[in-house]
*Asks:* 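One structure coming up, written as structure tokens, with questions to follow.
For the numbers below, each heavy atom of this structure counts, side chains included, while hydrogens, waters and symmetry mates do not. Start at 1 with the first residue, then count along the sequence.
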Amino acid sequence: MGFVRAVCAYCLDQSKKVTPALRRAGQAVMHGNEGFDRKRFFGTIFLIVIYFYLMAVVGNVFPNTGYGFLFVSIPFIFVLSVLYVEEKTKKNLLVIAINAVVAPVLAWYVLSQLFRITLP
């Protein structure tokens with residue numbers, strides 16, 4: 001019982017720190033702040049929703065292969081990175097494109113092929 005109390009006390013203590021930050025974030029979204037970037041905030045939420053939806057759709061086309069993860073993660077990482085990059089130079093876009101291909105392929109290979117973990 002002492003462990004449960006300790007965990008609850010820790011969670012309550014942490015929530016006291018997080019709650020003011022969430023309140024400030026909510027005020028920034030609703031009322032706007034000069035430092036708040038609505039395009040990136042709402043763009044990220046939109047991309048995440050589309051990412052999970054398309055991962056399920058593509059995963060159903062190629063069941064139990066991980067291709068849903070692979071084929072959807074590449075454009076997701078590319079578009080999300082472009083959304084957050086400050087300067088859209090050819091060099092930056094090339095680095096983003098390489099990262100958008102290499103990271104999901106590496107993750108897919110390690111998880112799906114080496115460890116035999118089923119991906120969507």
*Asks:* Are Leu106 and Ile77 connected into the same hydrophobic cluster when the rule is that any two of I, L, V, M, F, W, Y join if their side-chain heavy atoms are below 4.5 Å apart?
*Replies:* yes
*Asks:* Please say yes or no: joined through hydrophobic side-chain contacts below 4.5 Å, possibly via intermediate residues, are Leu114 and Val105 part of one cluster?
*Replies:* yes
*Asks:* More than 12 foreign heavy atoms under 6.0 Å from NZ of Lys90: is that the case here?
*Replies:* no
*Asks:* Rounded at 0.5 Å granularity, tell me how far OG1 in Thr118 sits from CZ in Phe69.
*Replies:* 13.5 Å
*Asks:* Applying the 4.5 Å side-chain criterion to the ILVMFWY set and letting contacts propagate, would Ile74 and Val95 be lumped into a single cluster?
*Replies:* no
*Asks:* Quick one: pull up CG in Asn92 and CD in Glu86 and give me the separation to the nearest 0.5 Å.
*Replies:* 10.0 Å
*Asks:* Quick check on Glu87: does its CD atom have over 12 non-hydrogen neighbours (other residues, nucleotides or ligands) under 6.0 Å away?
*Replies:* no
*Asks:* Work out which heavy atom in Leu93 is nearest to a heavy atom in Phe78; give both atom names and the distance.
*Replies:* O-CE1, 4.1 Å
*Asks:* Are Val102 and Ile96 linked, directly or through other ILVMFWY residues, by side chains that come within less than 4.5 angstrom of each other?
*Replies:* no
*Asks:* Side chains of residues 41-53: which donor-acceptor partners sit under 3.5 Å, not counting sequence neighbours?
*Replies:*
residue, atom, partner, partner atom, Å
Thr44, OG1, Arg40, O, 2.6
Thr44, OG1, Tyr84, OH, 2.7
Tyr51, OH, Ser73, OG, 2.8

*Asks:* Sort and list the pairs that fulfil ring pair (Phe, Tyr, Trp, His ring centres under 6.0 Å) and have at least one residue in residues 101-120, not counting sequence neighbours.
*Replies:* Tyr67-Trp108
*Asks:* What's the separation between atom OG in Ser81 and atom CG in Asn99, rounded to the nearest 0.5 Å?
*Replies:* 6.0 Å
*Asks:* Using atom types as modelled, flag every donor-acceptor pair under 3.5 Å from a side chain in residues 54-64 to any protein atom, sequence neighbours excluded.
*Replies:*
residue, atom, partner, partner atom, Å
Asn60, ND2, Ala56, O, 3.2

